[in-house]
Engineer: 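Mind having a look at this structure? Questions to follow.
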Protein chains: 2
Amino acid sequence: MTVDTSVMRKFNMSYVRRVGALEESFLGSGLPYGTARILYEIGLGAGTVQDLRSRLGGLDSGYVSRMLRTLESKGYVTMHQDPTDGRRRLVALTEDGVKQWDDLERRSEERAHLLLDPLTPRQRDRLNDALATADLLVRAATITIEQVDPRDPMAQEAMGHYFAEIGDRFGFTVGDEGFGDDPSLRPPHGAFFVAASDGAPVASGAVREFDGTGEIKRMWVDPAWRGAGLGSRLLRHLEAEALRLGHRVVRLDTRDVLTEAIGMYERAGYERIDRYNDNPHATHFFRKQLG
Amino acid sequence: MTVDTSVMRKFNMSYVRRVGALEESFLGSGLPYGTARILYEIGLGAGTVQDLRSRLGGLDSGYVSRMLRTLESKGYVTMHQDPTDGRRRLVALTEDGVKQWDDLERRSEERAHLLLDPLTPRQRDRLNDALATADLLVRAATITIEQVDPRDPMAQEAMGHYFAEIGDRFGFTVGDEGFGDDPSLRPPHGAFFVAASDGAPVASGAVREFDGTGEIKRMWVDPAWRGAGLGSRLLRHLEAEALRLGHRVVRLDTRDVLTEAIGMYERAGYERIDRYNDNPHATHFFRKQLG
DNA sequence: TCATGTACCTGACTTTAGTCAGATAATTCC
DNA sequence: GGAATTATCTGACTAAAGTCAGGTACATGA
């Protein structure tokens, strides 16, 4: 497979040269780049030091600590012990810190204006569309699918969306049953996967054993992400896991209203079968031979 | 006028976080970022130290000199005196330097692949389209229109394109007449403008005095740039200059085959008039009241 | 031909960015 | 309740990035 990277590389070159100095917008604020980024992330809503570090891509803990000390001494942030876990420290902007943050915002805004203002309204719309598309696809490409414990906060959040959506779309709400913790979705006979972008779950799915064969459960894709090929990617992942767990066949159930999902299953090689369980909300049943 | 910058800013955030590390591709090469960038630019065709500094955005001369010394001691570049100006030094890659450069290329290529490979072919096409559109518009927005002497290399290059195109499209070639140097396009009664992107001319145009009123000449827009609003922008610029030169009226001639140009003149408020000169190739004549 | 300017270089310096090895206090797990 | 783990901090360090003040050789224009 040959993939042409020239368009992307050309774009990177020229865009980074012109704008990539998003970084530069942090300069001139009197704060070094790293420190300004930290201040900015705090203003964006980082609560704990941990949170901050993960948002910034795993910076050294000592390094971050030192920068926080700098910001504290300048009077931009205050730090307090987290009441729910005494090891953690909560970070917050002071009034002066908020001012600094606004200043960074303003600079960033100015920078964007410098580029957008010379364009006609039609060109601006085209540029917005192009950037939004590129953003979505680049995000989609950098999504990672990871196995997590179904009790993990990420998994819980994903299932929360999943059930909320079902409740929303079908006029019923789900109680604790099936949400909190379902051991069948955990090893050794099950597995739960979450696809995350920027630390937020955007899709989830699980495999478990049911009646001697593999079964796919909890398939959910964030509405904003549908049509980006994420569902199929996750499905392939789940099938591979089912195979690893020793199944040659997987089954799943779904509902007639979920037409996109049904189309996806069919494209992925699933065939309609008769009802195999007593799920009252399911209307369609599928199976696929693996390997 | 309120302009929504949020899409662009969101894009910058996420793109720079993921890819903006075009920079990172320079790392792992054994060279620090700055030094690697210098090596890369030399390979791209920088000839003199001066050239290099301007391409890199005006770095400190001492800083660049020191990095060149490093590259020289590693055997990646050689430096010689410029025979045409003994103050200048010419920089070139050695064989080892070319190897290093290829290595940087490979890394940059790998980085792009990392992003493109997870996408489906259709998604890749969409991303390519989006990035190409964004690239064009961003370039268009950062174009600067500058007044130059018509004898300046930039102006000559632009006029070369202009006449080549006319020769190409109308089956005749133009001799020296009008190309080399036309004093009427220079101050005090004329002005020549070039719009440049990345140092290459993409549009040109001139104002001069003819028969007591202003006249617009040498209007040319690079074919790749048509439809990006560049022509109108340049036209407004030329009109402002005509006004500054004391004219209340500008005229121009054009040819019936140039339908885009004619449309642009009409949208800009030009009205058809009778022939006012004896240009054998002109078929349409326009005039506009300024101020 | 001489003053002025240009292109590049050297040395001395500062600030940023980042790493690594412990230390400390709170929490979690048997 | 004690051991292991976790979240954060401190200190000591290095390399990279960048600035500034001269200095030298060459070029240019009156």
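When reading the values below, keep in mind they use all heavy atoms of this one structure, side chains included, and skip hydrogens, waters and symmetry mates. Because the structure is a prediction, the values reported are computed rather than measured. Naming convention: chains lettered A, B, ... in sequence-line order (proteins, then strands); numbering from 1 in each chain.
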Engineer: Tell me, do A:Arg53 and A:Thr48 make a side-chain contact under 4.5 Å, heavy atoms counted?
Structural biologist: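 The answer is no, as the side chains (C-beta and beyond) never meet within the 4.5 Å cut-off.
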Engineer: From CG of A:Leu90 over to C1' of D:dT8, roughly how many Å is that when rounded to an integer?
Structural biologist: 13 Å
Engineer: Give the minimum heavy-atom separation between B:Leu104 and B:Ala36, together with the two atoms involved.
Structural biologist: CD1-O, 3.7 Å
Engineer: Please give the angle, rounded to 10 degrees, between the axes at the start and the end of the helix from C:dT1-D:dA30 to C:dC30-D:dG1, where five pairs define each axis.
Structural biologist: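 End axes: 30° apart.
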Engineer: Give each protein N/O atom lying under 3.5 Å from an N/O atom of nucleotides 17-20 of chain D, with the pair distance.
Structural biologist:
unit_1	atom_1	unit_2	atom_2	d
D:dG18	OP2	B:Tyr63	OH	3.3

Engineer: If you round to the nearest 0.5 Å, how far is CG of B:Leu52 from CG of B:Leu59?
Structural biologist: 8.5 Å
Engineer: Within this structure, what is the CZ-to-P distance between B:Arg89 and D:dA25, rounded to whole angstrom?
Structural biologist: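 Between P of D:dA25 and CZ of B:Arg89: 13 Å.
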Engineer: Please work out if A:Asp82 contacts a base, only the sugar-phosphate, or nothing of the nucleic acid, heavy-atom cut-off 4.0 Å.
Structural biologist: nothing
Engineer: Tell me yes or no: between the side chains of A:Asp96 and A:Thr94, is some donor less than 3.5 Å from an acceptor?
Structural biologist: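 The answer is no; no qualifying pair exists.
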Engineer: Hey, can you tell me if B:Phe193 and B:His237 have their rings parallel, tilted or perpendicular (30° and 60° cut-offs)?
Structural biologist: perpendicular
Engineer: Would you call the rings of A:His161 and A:Trp220 parallel, tilted or perpendicular, taking 30° and 60° as the class edges?
Structural biologist: parallel
Engineer: Decide yes or no for A:Trp101 and A:Ile42: does some side-chain heavy atom of the first lie under 4.5 Å from some side-chain heavy atom of the second?
Structural biologist: no
Engineer: For B:Arg88 and D:dC26, what is the distance between atoms CZ and C1' respectively, to the nearest whole Å?
Structural biologist: 11 Å
Engineer: Would you compute the distance between atom CD of A:Glu105 and atom OH of A:Tyr40 and round it to the nearest 0.5 angstrom?
Structural biologist: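 The distance works out to 4.0 Å.
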Engineer: Salt bridge check: are B:Arg107 and B:Glu110 linked by an N-O gap of less than 4.0 Å?
Structural biologist: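 B:Glu110 and B:Arg107: not salt-bridged.
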Engineer: For the pair made of CG in A:Leu68 and P in D:dC9, what is the distance, rounded to whole Å?
Structural biologist: 6 Å
Engineer: Need two values: the first and the last nucleotide of DNA chain C, 5' to 3', having an atom under 4.0 Å from any heavy-atom of chain A.
Structural biologist: C:dT16 to C:dT27
Engineer: Grab the two heavy atoms, one from B:Ile38 and one from B:Leu68, that are nearest each other, plus how far apart they are.
Structural biologist: CG2-CD2, 4.0 Å
Engineer: Is the shortest side-chain N to carboxylate O distance from B:Asp51 to B:Arg55 below 4.0 Å?
Structural biologist: yes
